[in-house]
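Below is one structure, written out as structure tokens; the observations come after it.
Remember, predicted model here, so these are calculated numbers, not experimental data.
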Amino acid sequence: MGPHFLRNVVFGLCGLLACAALSGPAAAHEGHDHGAPPPPQVTTLAPRIEAASADFELVAVLRDGVLTIYIDRFADNAPVEGATVEVDTPEGSQPARPAGPGTYVLPAPFAATPGAHDIAFTVTAGDTVDVLAGTLNIAPAAPSSDARPPAPATLALIGGAPSGALAGVAVGLLIGFLAGALVVSRRQAGALLVLGAVSLALAGARDARADAPKPIPRDAAQRLPDGSVIVPKPTQRILGVRTLVTASGAFAGTVELPGRVVPDANASGLVQSAVGGRLAPPEGGFKPLGTRVAAGEILAYVHPPIGASDLKDLEQQGYELDQQIALVKRRYERLSAIPNAVTRREVEEAEIELNGLKVRRTKLERVQREPEALRAPVAGVIAAADAVAGQMADPNTVVFRIVDPDRLWVEALGFSPDAGRSGATGRLPNGRTVDLTFLGAGLAERTQALPLLFSVAADTGELRPGQFLTVFAEAGAPRIGIAIPRSAVVRGANGQSIVYAHISAERFVSLEVKTQPLDATRVLVVAGLSPGQRVVTDGAELIDQIR
């Protein structure tokens, strides 16, 4: 009874010591609720100043004792380059030096003192001078990680314990194991000592991890629970965010029409063979696709085939013409030798007959050996070619197609002959736009629609005949709304149209809007947006991806 009783007492003391250690402050860890979570941060971690005026928008960020100043134009969010920035700090007025497009830096030793620091920025950009002011709030330094909470009262009786609940538990277990080792066998005592050492090592490792230094805070874009997005100024520069101040107005009605690029009828042509024959290249060979040619330039030859019977007939005609030429030539020579015995008329008739026979003989020889030359009807670029040496070409076969790429038309299908008379634009699948000028409308319906013809007013660029595009033609009564670029509208998760409003220097809010097509580059917002708001025009797709 004695040994068992002592053993129970010793292990009972171990349990009491462990309970005493756990009665101290407990650290929260995964899987346990220790109160409501902290509210989400609405600003980035680095201290900063935001200020704005009618001309400029300024954000000053303090990091590592240096104040980095970002200055953008208020209307379009473009960086202000080449500006002079004078900063009034608690230590006096100091100039900021440029550090990049729209970025200026200034050492800020005054920021080492916690508290509120009033700072004024005088920005001079060209003829514009503006003063922007703000307050830089520096929080007190966080307590050092070396400061440890007081030990529990129970453990204070034995001289205190390491910080952390797990360290207290380990000390209690170790004391209990040492006491128990006095009343048990050697084998059991060794096992207890090993377990105690392992517990103490784990407690020390846990405490070391808790005291490890935390990473340095950095600014990061984030989406808040209310749906707004925080985008720091450096991130805005990387994403190329640009804005537009909205304004309401009246705009002509617009219809979307399917269109196709066609060559200008006055600057394009076909190279065809008038007779059947065998194709042969000109001097230098056939011209490849894309080669610019001049009007009248020879592109190929066609050698007409001559059968054996036709060849014999031609030879017979040649013999007859040679015989006639010899007779007329001798008669002409005799008449020329006795000019006094014959009239001048007889000599001239003989001469004319001789020349005619010679011309017929020359043409007969040319038929046998001279091919037909295929010439370019207009100046332009070879857009299509179907020429191979030795190929047999039928009559009216299209061998080459010549197109002038600087003169192109656009054919669209609409339901009103007046659509596009006052103006039209075209939008290609890759987003490129072209200005169009109305030429005319057809009267014959095609697939229950009227063909409308436009000319490309500006540089044709990458346009090619046969390319499809969407034509935005003005038609109908004017509409009231806000015109914004198409790049400002993004699609939400449910397919709704969304724009991002720039409500402060680094905060953006999504707005659902109702849009209608306006032209190739803009849409008309008829609901969901008010005049005077700043709307993101470039970078809206990237802001929408921030989570």
Side-chain angles (χ1 to χ4, degrees), residues 41-145 213-222 224 228-243 502-508 534:
Q41 293 184 353
V42 297
T43 58
T44 49
L45 297 176
R48 64 216 307 108
I49 298 175
E50 291 187 9
S53 65
D55 298 313
F56 304 119
E57 185 175 62
L58 180 144
V59 175
V61 181
L62 177 65
R63 189 178 300 281
D64 298 331
V66 177
L67 199 64
T68 304
I69 306 167
Y70 302 93
I71 303 177
D72 298 329
R73 288 198 295 265
F74 181 82
D76 58 5
N77 203 51
V80 177
E81 300 185 39
T84 301
V85 182
E86 193 75 19
V87 185
D88 292 331
T89 69
E91 297 180 349
S93 179
Q94 304 177 34
R97 61 180 179 83
T103 306
Y104 307 85
V105 294
L106 175 72
F110 61 87
T113 303
H117 304 279
D118 295 331
I119 303 177
F121 304 87
T122 303
V123 181
T124 304
D127 298 334
T128 305
V129 180
D130 208 342
V131 178
L132 300 97
T135 301
L136 182 65
N137 294 310
I138 307 299
S144 175
S145 59
K214 296 181 180 180
I216 299 176
R218 66 179 182 87
D219 295 340
Q222 55 184 305
L224 303 182
S228 62
V229 182
I230 299 297
V231 185
K233 274 297 179 182
T235 306
Q236 294 183 33
R237 300 284 177 84
I238 295 175
L239 300 182
V241 176
R242 295 292 181 268
T243 59
H502 194 187
I503 61 175
S504 66
E506 298 181 325
R507 189 183 181 98
F508 300 84
R534 286 194 297 169

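By the 4.5 Å heavy-atom criterion applied to side chains, V61 and L67 are not counted as neighbours. Between Y70 and L58, every side-chain heavy-atom pair lies at or beyond the 4.5 Å cut-off. Residues F508 and V231 are in side-chain contact: their nearest non-hydrogen atoms beyond the backbone lie under 4.5 Å apart. Inter-residue side-chain proximity for T89 and D118 is flagged as unmet; no heavy-atom pair is nearer than 4.5 Å. V59 is listed as a side-chain neighbour of E506, based on a closest heavy-atom distance under 4.5 Å. Under the 4.5 Å side-chain criterion, counting only non-hydrogen atoms from C-beta, V229 is not in contact with R507. Contact of the V85 side chain with the T122 side chain is not registered, since no non-hydrogen atoms from C-beta on lie closer than 4.5 Å.
Atom CG of residue L132 and atom CD1 of residue I119 lie 12.5 Å apart, to the nearest 0.5 angstrom. Distance check, rounded to the nearest 0.5 Å: CD1 of I69 to OG1 of T103 gives 10.0 Å. The distance from atom OG1 of T135 to atom CD of E50, rounded to the nearest 0.5 Å, is 12.5 Å. Rounded to the nearest 0.5 Å, atoms OG1 (T84) and CZ (R97) are 15.0 Å apart. Note: E81 CD to D72 CG = 10.5 Å, rounded to the nearest 0.5 Å. Distance check, rounded to the nearest 0.5 Å: CG of N77 to CZ of R242 gives 6.5 Å.
Here R534 pairs with E57 under the salt bridge (charged side-chain N to carboxylate O under 4.0 Å, His left out) rule; sequence neighbours left out.
When all heavy atoms of T113 and I138 are compared, the closest pair comes out as O-CB, 4.0 Å. The nearest pair of heavy atoms linking A60 to F121 is CB-CZ, 3.9 Å. Heavy-atom minimum distance, A96 versus Y104: CB-CB, 3.9 Å. The heavy-atom pair separating G134 from I49 by the smallest distance is CA-CG2, 3.6 Å. Here the closest non-hydrogen pair linking A125 and F56 is CB-CZ, 3.8 Å. Nearest heavy atom pair, residue P114 against residue A139, reads CB-O, 4.0 Å.
Between D55 and T128, the side chains place no donor N or O within less than 3.5 Å of an acceptor N or O (distance only, hydrogens not considered). Counting only N and O atoms by type, the side chains of T243 and D76 include no donor and acceptor under 3.5 Å apart.
Ring-plane geometry between H117 and F110 is classed as perpendicular, the angle between the planes exceeding 60 degrees on a 0 to 90 degree scale with a lower cut at 30.
Judged by distance alone, with hydrogens and angles left aside, the side-chain atoms of Q236 form a donor-acceptor pair with the main-chain N or O of A505 at under 3.5 Å. Between the R237 side chain and the G102 main chain, a donor and an acceptor come within less than 3.5 Å of each other.
The pair D219-R48 counts as a salt bridge, with a side-chain nitrogen and a carboxylate oxygen less than 4.0 angstrom apart.
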